[in-house]
Amino acid sequence: MNRTDPVEYEVIAREVFAPIYPVIAAEIRKKTGISQGKCIDIGTGPGYLGLEMARITSLEVWLLDISNEMIAYARQNIKSRKLDQRVQAICADVHQLPFDNESIDLVVSRGSVFFWKDLHQAFSEVYRVLKPGGMSYIGGGFGSEELRRDIERKMRDIDENWEAKAKTRMDHPTASDYAAILHNLNITGEIRTNNGLWIIINKPVV
């Protein structure tokens, strides 16, 4: 998907990638066990992952994106799903999150980490806002092998070079690079590489 074209990105997210968000949201809920409190969906785009998290939990969710155009789509989707009481969309940057220290229970993101300019600063911010006992689930994947194959087929019809572009994004940095970044920041995390690449942080309770 081309993040530089908000209209194209929204259409593809809605028409091609839509089936993955319920699967990933269910995986996040199962892995983290977090279904209450406050959640941020970073690089939310039109908001589909964060909205799905709100649908299957009692979380209060902020949909966060650096693009005003994406936030406009996210707000439309909040309204259409009647989730205005628990979901907000705000324009902000992962490198300077507008949240207090230790105020967030869960940070999620699907696909945006591959576009973060300063990974050390971004993960420092994620860790800063997490409460003790809070978790992150950040990375990229398709939810299942079947969904991956189906999306890749559809995206090849749209852009014959899409698969190579996607592989380049997900292979650089590598899982080892992310592990090293967390180590340098003194953050304990798990890097999962099944069904994509996911960085899972569990901030310890002191």
Side-chain angles (χ1 to χ4, degrees), residues 1-6 8-9 12-13 16-17 20-21 23-25 27-28 31-32 39-50 53 62-67 70 92-99 104 106-130 134-145 147-149 151-152 155-156 159-204:
M1 287 188 290
N2 180 8
R3 288 278 303 186
T4 62
D5 186 336
E8 178 189 20
Y9 184 87
I12 292 174
V16 178
F17 281 73
I20 73 174
Y21 298 108
V23 177
I24 294 173
E27 181 180 334
I28 292 171
K31 177 66 178 179
T32 66
C39 172
I40 311 169
D41 177 12
I42 295 174
T44 192
Y48 294 120
L49 178 57
M53 292 303 303
W62 281 265
L63 308 178
L64 185 151
D65 203 281
I66 199 168
S67 163
M70 286 289 101
D93 187 341
V94 65
H95 302 91
Q96 192 173 3
L97 294 172
F99 300 96
I104 302 298
L106 178 64
V107 176
V108 303
S109 181
R110 191 263 168 210
S112 77
V113 68
F114 308 115
F115 298 91
W116 296 356
K117 293 182 179 178
D118 185 335
L119 289 168
H120 284 80
Q121 176 63 20
F123 279 107
S124 292
E125 279 291 277
V126 168
Y127 197 73
R128 176 185 67 79
V129 303
L130 280 176
M135 296 185 70
S136 81
Y137 204 97
I138 293 168
F142 300 92
S144 72
E145 186 64 20
L147 285 170
R148 182 187 66 79
R149 288 195 299 267
I151 287 171
E152 287 178 349
M155 289 304 298
R156 281 195 297 270
D159 178 359
E160 63 182 10
N161 296 315
W162 179 84
E163 199 168 358
K165 294 174 185 175
K167 188 176 188 304
T168 298
R169 284 196 297 271
M170 292 189 71
D171 285 351
H172 303 282
T174 65
S176 296
D177 292 330
Y178 287 111
I181 289 167
L182 296 187
H183 177 75
N184 290 341
L185 295 171
N186 199 28
I187 295 173
T188 301
E190 173 190 355
I191 314 298
R192 296 183 63 196
T193 55
N194 57 314
N195 286 326
L197 186 149
W198 297 98
I199 301 107
I200 301 168
I201 296 168
N202 190 338
K203 191 170 187 175

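FYI, the numbering just counts along the sequence from 1. Side-chain atoms are counted along with the backbone in the values below, which use heavy atoms only and exclude waters and symmetry mates.
Side-chain contact between N184 and H120: present, with at least one pair of heavy atoms (C-beta onward) separated by less than 4.5 Å. Two residues are said to be in side-chain contact when any heavy atoms from C-beta on lie closer than 4.5 Å; I138 and W116 meet this criterion.
Separation of atoms CE (M135) and CD1 (I28) is listed at 10.5 Å; rounding is to 0.5 Å. Going from atom CH2 of W198 over to atom OG1 of T193 covers 13.0 Å, rounded to the nearest 0.5 Å. With rounding to the nearest 0.5 Å, the separation of CE in M70 from CG in L64 is 13.5 Å. In this structure, CG in D65 is found 6.5 Å from OG1 in T44, a value given to the nearest 0.5 Å. Here the straight-line distance linking atom CZ of R192 with atom CD of E27 works out to 5.0 Å at 0.5 Å rounding. Note that the NZ atom of K203 and the CD1 atom of I104 stand 11.0 Å from one another [nearest 0.5 Å].
Around the CD atom of E145, the shell of radius 6.0 Å holds more than 12 heavy atoms that belong to other residues, nucleotides or ligands. The neighbour count for H183 NE2, taken as heavy atoms of other residues, nucleotides or ligands under 6.0 Å away, does not exceed 12.
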Could you give me the CA-CA distance, side-chain angles and deciding distance for D41 and M53, then say whether side chain to side chain contact (heavy atoms under 4.5 Å, CB included) is met? CA-CA 9 Å; D41 177 12; M53 292 303 303; over 6 Å; no
List the steps and the verdict of side chain to side chain contact (heavy atoms under 4.5 Å, CB included) for V107 and F99. CA-CA 12 Å; V107 176; F99 300 96; over 6 Å; no
Could you walk me through whether Y178 and L119 pass the side chain to side chain contact (heavy atoms under 4.5 Å, CB included) check? CA-CA 8 Å; Y178 287 111; L119 289 168; 4.0 Å; yes
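Annotation for I151 and V16: closest pair CG1-O, 3.8 Å, computed over non-hydrogen atoms. Of all the heavy atoms in G143 and V23, the pair that sits closest is O-CG1, 3.5 Å. When all heavy atoms of T174 and L197 are compared, the pair lying nearest together is C-CD1, 4.5 Å. Between I201 and L182, the shortest heavy-atom contact is CD1-CD2, 4.1 Å. The minimum heavy-atom distance linking I42 with S109 is given by the pair O-OG, 2.7 Å. Smallest separation of non-hydrogen atoms from V108 and C39: CG2-SG, 4.2 Å.
Partners of R128 by salt bridge (charged side-chain N to carboxylate O under 4.0 Å, His left out), not counting sequence neighbours, listed by chain and number: E125.
Cation-pi geometry between R110 and Y137 is not met at under 6.0 angstrom from the ring centre and within 45 degrees of the axis.
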